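Here the structure is a predicted model, which is why all the values come from computation and not from measurement. Here is how names work: the chains are called A, B, and so on, in the same order as the sequence lines, proteins then strands, and each is numbered from 1.
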Protein chains: 4
Amino acid sequence: MDFAALPTKGERTRAHIVATAANLFWRRSFHGVSVDLVADAAQVNKATIYRYFADKGDLALAVVRFNGAVTIETVFASSFDIYSSPQDRLAAIFRFVYGAHETMLEESGDIYGCPIVGLALELGQDMPEIRKEAQHIFDQVENYLTIIARDAVDNNGLNQSPEMLGRTLTQLLHGAFASARLAGAPSRILDAGNASLALLGFADTQIIQQERV
Amino acid sequence: MDFAALPTKGERTRAHIVATAANLFWRRSFHGVSVDLVADAAQVNKATIYRYFADKGDLALAVVRFNGAVTIETVFASSFDIYSSPQDRLAAIFRFVYGAHETMLEESGDIYGCPIVGLALELGQDMPEIRKEAQHIFDQVENYLTIIARDAVDNNGLNQSPEMLGRTLTQLLHGAFASARLAGAPSRILDAGNASLALLGFADTQIIQQERV
Amino acid sequence: MDFAALPTKGERTRAHIVATAANLFWRRSFHGVSVDLVADAAQVNKATIYRYFADKGDLALAVVRFNGAVTIETVFASSFDIYSSPQDRLAAIFRFVYGAHETMLEESGDIYGCPIVGLALELGQDMPEIRKEAQHIFDQVENYLTIIARDAVDNNGLNQSPEMLGRTLTQLLHGAFASARLAGAPSRILDAGNASLALLGFADTQIIQQERV
Amino acid sequence: MDFAALPTKGERTRAHIVATAANLFWRRSFHGVSVDLVADAAQVNKATIYRYFADKGDLALAVVRFNGAVTIETVFASSFDIYSSPQDRLAAIFRFVYGAHETMLEESGDIYGCPIVGLALELGQDMPEIRKEAQHIFDQVENYLTIIARDAVDNNGLNQSPEMLGRTLTQLLHGAFASARLAGAPSRILDAGNASLALLGFADTQIIQQERV
DNA sequence: AATGAATGAGGCTTCATTCAT
DNA sequence: CATGAATGAAGCCTCATTCAT
């Protein structure tokens with residue numbers, strides 16, 4: 001994510017375009033954003049975009065990969081780095097997602113749903129690679145959540161398979177995004193987070209919004 | 001849904017256009033389907049579409065309403081009509097959704113996700129009415145699921161609020177669609193269904209695919 | 001060519017587009033003319049062009065067919081209708097081509113070569129249909145010229161095969177267009193015409209420019 | 001044509017670009033080849049091309065000159081060097097052209113027409129210099145063929161002017177290229193060659209394909 | 001109630017060309 | 001001498017929409 005650190009100027013330009021497009025596609029969908037608009041927003045000539053991406057779909061694929069990398073890194077890996085108990089990790093993950101939604105709502109007055117699923121739904125039919133990529137990302141997510149589930153099963157002596165619990169947690173996370181977007185309410189993320197904790201036997205733990213500056 | 005029963009020819013034409021568009025938008029997204037294509041598929045002149053709908057967005061709104069009505073009627077109301085116990089009702093709902101996914105996969109080789117959420121995600125930004133409508137539909141869904149949760153809480157003596165459980169069930173259902181679509185696997189619906197049953201304390205009950213003709 | 005006689009309005013529009021494009025492609029080559037320009041020249045919206053032609057190449061194909069039909073009809077068939085002796089027919093053909101070149105030069109200050117060969121050379125590689133069509137047209141031309149050759153062989157007792165003579169006449173006609181275009185001189189058409197007559201044993205006959213109004 | 005012999009590296013680079021472009025323009029026409037493609041094919045940076053040529057048209061002009069020089073040298077001058085009788089010279093010229101067509105067909109599965117006329121037809125309108133250059137080249141060709149015609153007239157006592165015969169031979173050569181390209185048949189070159197010999201009174205001589213390795 | 005025909009705007013992509021290194 | 005990077009203009013095509021019948 002540290003563009004300035006990228007070796008060549010070209011790679012920096014490319015990364016800048018991807019980040020710009022990621023933001024736009026997230027807010028307005030793939031078809032709602034023209035290549036012209038991406039170029040304008042990135043302050044780059046349209047032809048420059050085509051120097052780095054074969055076509056608009058190729059850009060979308062790069063965006064999905066970018067979104068996936070950012071998500072895994074900043075949400076999951078970092079929660080695992082900071083915390084070690086399953087309840088802390090899970091709470092951290094949902095706290096992060098919730099915080100992002102709060103910020104989103106404040107800054108742009110709206111809530112946009114999961115940027116990976118959004119693109120995958122819109123383009124999945126025409127671009128199988130995009131769906132493959134999204135699937136791959138959520139396999140990773142499920143892996144993280146399954147680890148949490150396994151630790152919870154061990155700690156709390158649940159008699160459910162960690163794998164199934166991991167899958168359920170993943171689906172709940174999907175549902176959290178969808179319902180937050182439809183209702184326009186970040187609190188739906190908290191609902192899903194608390195339900196997830198309850199599911200793993202941490203009924204006492206509640207996700208509480210951190211103070212944000 | 002029984003078009004032939006509609007009084008005037010105009011109403012039948014209109015309903016036919018909506019049903020055709022619903023199918024196309026579902027499979028290929030809103031922007032992936034041109035008005036020309038809808039006209040061709042419905043075997044209707046393009047100008048006829050504009051006789052019944054102010055613009056393409058208006059058609060999309062009608063499609064969302066249509067999808068909502070069909071879903072509530074054929075999935076939720078009908079499950080409630082046939083069954084009375086919470087576990088039977090829940091199982092029936094998921095069995096229906098699962099069956100629809102199996103059929104979808106067989107007939108078109110792919111799985112398309114929730115048609116209501118799909119349109120809401122794609123158009124939510126530009127057409128608030130559509131998101132409102134989708135929200136309204138899922139409020140009804142949540143109502144149905146909350147009733148089931150309440151009965152389960154009563155039956156099984158759970159110490160969770162039916163409202164929160166209803167919400168969680170709704171989110172799990174959202175997640176079921178998303179994950180089935182990404183993975184291309186109808187079994188994800190069964191996973192969510194069984195998790196839902198477990199959540200309500202019906203760990204013994206399993207949703208099993210009915211014989212289909 | 002009588003557009004007003006075409007049954008439907010659509011067919012007239014289509015024919016008008018083809019005729020306009022034929023003229024432009026002839027003067028400025030296929031790639032030298034944009035679809036926008038064709039639309040402007042035909043006083044038709046660009047989208048209207050795409051209502052009648054799948055793409056620009058499809059329009060070029062229609063143009064080649066049009067050019068072929070016009071050529072066969074106005075040059076060859078009509079010369080055969082009016083005259084019956086081989087030398088009269090051949091002279092009429094070349095007189096017509098020569099006259100067209102003179103007019104061209106007067107009206108636009110330049111000479112454009114054969115519109116069929118021009119398009120075939122430029123597009124033959126990417127559009128085999130176009131070359132096929134051009135080949136078909138010149139097969140017809142060769143047929144006409146072979147008939148003339150056969151009659152000449154009979155009349156003048158030449159000991160060459162009419163088929164080979166027909167082919168040579170066809171090649172000379174090709175060369176006449178090329179050399180007239182390169183030199184910017186209509187007289188090259190007369191040269192080829194007189195050489196053709198000589199070839200068939202009509203050394204006395206000379207093609208003379210008719211008085212033109 | 002011996003690039004390695006060129007004094008400076010720059011001249012070699014330039015010559016290499018011209019030769020590469022000549023080949024591409026020949027096969028795919030001027031507008032069908034982008035500067036990018038020329039750069040790729042020549043394994044040279046695009047900016048390097050603009051170091052040696054003012055613009056793409058300038059490159060085309062260089063290509064026409066190159067084609068002309070190669071043609072005159074390898075086909076006409078060399079035939080005149082090797083042979084002295086008119087029929088041998090003419091036969092050698094057509095044999096060469098025919099052989100080139102056979103090779104072309106074998107190596108690339110297609111036949112491309114005269115590269116000089118092709119460019120002149122496509123660009124003649126926008127670039128008068130190119131047409132001038134092409135005209136100049138074919139004046140030289142006509143000179144060579146007129147010399148052959150003159151010798152034939154002397155030898156065979158024909159009562160036609162060598163100049164007119166030279167012109168006819170030139171036009172037949174043009175027609176040979178055009179008809180070979182349209183029909184995709186190298187044999188059309190032989191047809192024109194034999195017709196040319198017959199025209200000069202060498203009815204007995206036939207051009208026969210040489211054994212090629 | 002329905003249709004064939006037409007349109008303006010805009011989308012995606014590519015091109016020839018130049019700049020800075 | 002050569003290159004990686006960038007750009008403005010233009011090209012082809014499609015879309016949603018309307019008109020006249």
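- Note: B:His31 and A:His31 have parallel aromatic rings, judged against thresholds of 30 and 60 degrees for the angle between ring planes.
- Separating the CD1 atom of A:Ile49 from the P atom of E:dC12 is a distance of 10 Å, rounded to the nearest angstrom.
- Taking atom CG of residue A:Asp36 and atom P of nucleotide F:dA10, one finds them 15 Å apart after rounding to whole Å.
- In this structure, B:Lys56 reaches the F:dA16 phosphate: one of its side-chain N or O atoms is under 4.0 Å from OP1 or OP2.
- To the nearest angstrom, C1' of E:dT7 lies 13 Å from CD1 of C:Ile17.
- Across the protein-nucleic acid pair, C:Asp55 atom CG and E:dT13 atom P stand 17 Å apart, rounded to whole Å.
- For A:Lys9, taking side-chain heavy atoms from C-beta onward, the closest of the listed nucleotides E:dT13, F:dA16, F:dA5 is F:dA5.
- At whole-Å resolution of the value, NE2 in C:His31 and P in F:dC12 are 8 Å apart.
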Between the protein and nucleotides 18-20 of chain F, list the N/O to N/O atom pairs that are separated by less than 3.5 angstrom.
none

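- Pair assignment for E:dT21: F:dA2, on the basis of Watson-Crick or G-U wobble contacts that are both within less than 3.5 Å.
- Residues passing the salt bridge (charged side-chain N to carboxylate O under 4.0 Å, His left out) test with A:Lys56: none are found, sequence neighbours excluded.
- Taking the nucleotide of DNA chain E with the nearest heavy atom to each of C:Gln43 and A:Val35, the more 5' of the two is matched to C:Gln43.
- E:dA1 makes up no base pair with any nucleotide shown, lacking Watson-Crick or G-U wobble contacts both under 3.5 Å.
- Between D:Phe30 and B:Tyr52, the residue anchored closer to the 5' end of DNA chain E is B:Tyr52, taking for each the nucleotide with the nearest heavy atom.
- With D:Trp26 contributing its side chain and D:Gly113 its backbone, the two residues share a donor-acceptor pair below 3.5 Å.
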Could you please spell out the steps behind the side-chain contact (heavy atoms from CB on, under 4.5 Å) verdict for A:Tyr50 and A:Val35?
-> CA-CA 10 Å; A:Tyr50 284 91; A:Val35 176; 3.6 Å; yes

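- For B:Arg65, the salt bridge (charged side-chain N to carboxylate O under 4.0 Å, His left out) test picks out B:Glu133, with sequence neighbours left out.
- Each of D:Thr13 and A:Thr48 was matched to the nucleotide of DNA chain F holding its nearest heavy atom; the match closer to the 5' end belongs to D:Thr13.
- Residue D:Arg51 places at least one side-chain N or O under 4.0 Å from the OP1 or OP2 atom of F:dC1.
- Rounded to whole Å, atom P of E:dT14 lies 14 Å from atom CG of D:Asp40.
- Atom CZ in C:Arg14 sits roughly 17 Å away from atom C1' in E:dA6 (whole-Å rounding).
- Of the residues listed (C:Ile130, C:Val64, C:Leu61), the one engaging C:Leu123 in a side chain to side chain contact (heavy atoms under 4.5 Å, CB included) is C:Ile130, and it is the only one.
- Figure legend. F:dT7 is base-paired to E:dA16; pairs are counted as Watson-Crick or G-U wobble with both atom distances under 3.5 Å.
- Checking A:Val44 against C:Val33, the closest nucleotide of DNA chain F that is more toward the 5' end is the one next to A:Val44.
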List the steps and the verdict of side-chain contact (heavy atoms from CB on, under 4.5 Å) for A:Thr13 and A:Arg51.
-> CA-CA 10 Å; A:Thr13 302; A:Arg51 192 177 148 72; over 6 Å; no

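- Residue A:Arg28 contributes atom CZ, which lies 11 Å from atom P of E:dG11 at whole-angstrom precision.
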Stepwise side-chain contact (heavy atoms from CB on, under 4.5 Å) test for C:Arg181 and D:Leu121 = CA-CA 8 Å; C:Arg181 150 112 260 207; D:Leu121 284 185; 3.4 Å; yes

